[in-house]
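To start, the structure under review is shown below, and the notes come after it.
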Amino acid sequence: MGSGKRWKIATVRGIPVYVSTSWVFVVVWVAWSQYAVLLRDYSALTEGEGLVLALVVTVSFFGSVLIHEGAHAVMARSLDLPVMGITMVFWGGATETKASGRGAGGEFLVAFVGPASTLVMAGVFWAVSQSIHGVASEVVAWLAGISLIFAAVNTLPGFPLDGGRMLLAAVWGISGNRRTGMRAAGYVGMAIGLAAAAFAVWTIGQGDTLTAVFVGYLAFIMIATGRSMEGRIAFRDQLVQGTVADAMRPPPRAVPADLSLADTLDRYLRDSPGGWFPVVDDGRVIGTVSMATASRVGARDPLR
């Protein structure tokens, strides 16, 4: 289990895969809504058949999302970039890697393979739908259509979508300046976000609430991310001008190993109740001590 917001469910070729709490709720909601729609639209289905089909749709859909994120990870690994993990979240997934470490070309390739893999999955679902019949064929055809839509949406040139990273990489490659690419992706993303917000308002008028919520949320994220781009650029410029030493706090005072716990509490810990201090014996760090650890032992043996 992670920090309380995500859980580790697997490790694939050394890459940890996590699911977030929000993702679990979305999976349950998708499965239930698919089940309800299938029983409503196909009266010949039994409840058991509807449940099986709903589970197949849910697993196939989120499996394709995982393939999308896996494509990012595979491409990053092929460029010798570290991949810290993949996290499934309610809006899709996130692959933790530093694609910019291989320049504009590396950033473009890592971003590109995500929607490309989703497009391939749309083709696979369509081919399967043509080889089977009945309700199952229509359900798989729906998977092909929704995958095609997600592939198209993901290529929109604005953050945090893959299309925004591809735009950043393209402008970076042409201009030779990553900051210019970031600005371009930010401003274009805001423009697309405003257009998406207008579309969401229009769909509400058409009675399509579900589409309006999805598009409206996407618009909000793109506008907010685009507006924050100048701040991110300024922060990045500050980091470039500094060193690691500038960002570090002074090291804590060392506690001699032969000091009693009572004296340690008085001289070190009471002024920094949340801090940790290295314990040093003859110039060598042999451990750490904090208010919590010292209090537990000190309550029994304060002179230790």
Side-chain angles (χ1 to χ4, degrees), residues 2 6-20 23 59-128 143-144 146-182 184-186 188-189 221 225 229 232-233 236 239-240 244:
R6 65 178 187 175
W7 292 264
K8 182 179 177 181
I9 59 170
T11 299
V12 181
R13 298 185 68 83
I15 300 174
V17 179
Y18 304 92
V19 296
S20 67
W23 182 84
V59 171
S60 299
F61 176 72
F62 287 103
S64 67
V65 174
L66 185 57
I67 289 173
H68 175 112
E69 298 304 325
H72 289 311
V74 169
M75 178 56 72
R77 280 278 186 88
S78 71
L79 297 172
D80 294 325
L81 292 167
V83 180
M84 285 66 76
I86 294 173
T87 302
M88 304 296 288
V89 294
F90 73 97
W91 45 262
T95 301
E96 301 169 35
T97 186
K98 192 68 174 176
S100 60
R102 286 292 178 268
E107 182 131 32
F108 185 89
L109 288 173
V110 172
F112 170 78
V113 295
S117 67
T118 303
L119 185 61
V120 170
M121 289 303 301
V124 171
F125 287 138
W126 180 83
V128 172
L143 281 170
I146 201 69
S147 296
L148 185 62
I149 291 172
F150 269 84
V153 168
N154 225 337
T155 57
L156 292 175
F159 280 120
L161 301 174
D162 290 329
R165 299 193 178 278
M166 286 189 280
L167 175 61
L168 182 158
V171 175
W172 178 12
I174 294 171
S175 67
N177 191 325
R178 192 169 192 270
R179 294 166 65 230
T180 303
M182 293 175 69
V188 172
I221 293 296
T225 306
M229 192 58 63
R232 292 173 61 182
I233 293 171
R236 178 176 176 271
L239 289 179
V240 169
V244 174

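In this chain, numbering begins with 1 at the start of the sequence shown.
In this structure the side chain of M84 never reaches within 4.5 angstrom of the side chain of P16, judged on heavy atoms. Contact of the R102 side chain with the D80 side chain is registered, since non-hydrogen atoms from C-beta on lie closer than 4.5 Å. V113 places none of its side-chain heavy atoms less than 4.5 Å from the side chain of V74.
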Stepwise side chain to side chain contact (heavy atoms under 4.5 Å, CB included) check, V17 with T11: CA-CA 6 Å; V17 179; T11 299; over 6 Å; no
Check against side chain to side chain contact (heavy atoms under 4.5 Å, CB included), H72 and D162: CA-CA 10 Å; H72 289 311; D162 290 329; 3.2 Å; yes
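For the residue pair A73 and V83, the shortest heavy atom distance occurs at O-CG2, 3.8 Å. Smallest separation of non-hydrogen atoms from A122 and L148: CB-N, 3.8 Å. Nearest heavy atom pair, residue F159 against residue T225, reads CB-CG2, 3.4 Å. Closest of all the heavy-atom pairs between H68 and P115 is CE1-N, 3.4 Å. When all heavy atoms are compared, the tightest approach of T155 to A152 is OG1-O, 2.7 Å.
Between the S147 side chain and the A144 main chain, no donor and acceptor come within less than 3.5 Å of each other. Although no hydrogens or angles enter the test, the distance criterion places no donor-acceptor pair under 3.5 Å between the side chain of T87 and the main chain of V19. Side-chain atoms of T97 come within 3.5 Å of backbone N or O of P82 as a donor-acceptor pair.
Here the CD1 atom belonging to I15 is positioned 4.0 Å from the CZ atom belonging to R77, to the nearest 0.5 angstrom. Note that CZ of F150 is 8.5 Å distant from OG of S64, once rounded to the nearest 0.5 Å. Here CD1 of I86 is found 11.0 Å from OH of Y18. Values are rounded to the nearest 0.5 Å. Rounded to the nearest 0.5 angstrom, L167 CG and E107 CD are separated by 11.0 Å. Rounding to the nearest 0.5 Å gives a distance of 9.5 Å between CG of L168 and OG1 of T180. The distance from the CZ atom of R165 to the CG atom of N154 is 11.0 Å, given to the nearest 0.5 Å.
Aromatic ring orientation, F108 versus F112: parallel (interplanar angle below 30°, classes split at 30° and 60°).
A donor-acceptor pair shorter than 3.5 Å can be found between the side chains of T95 and E69.
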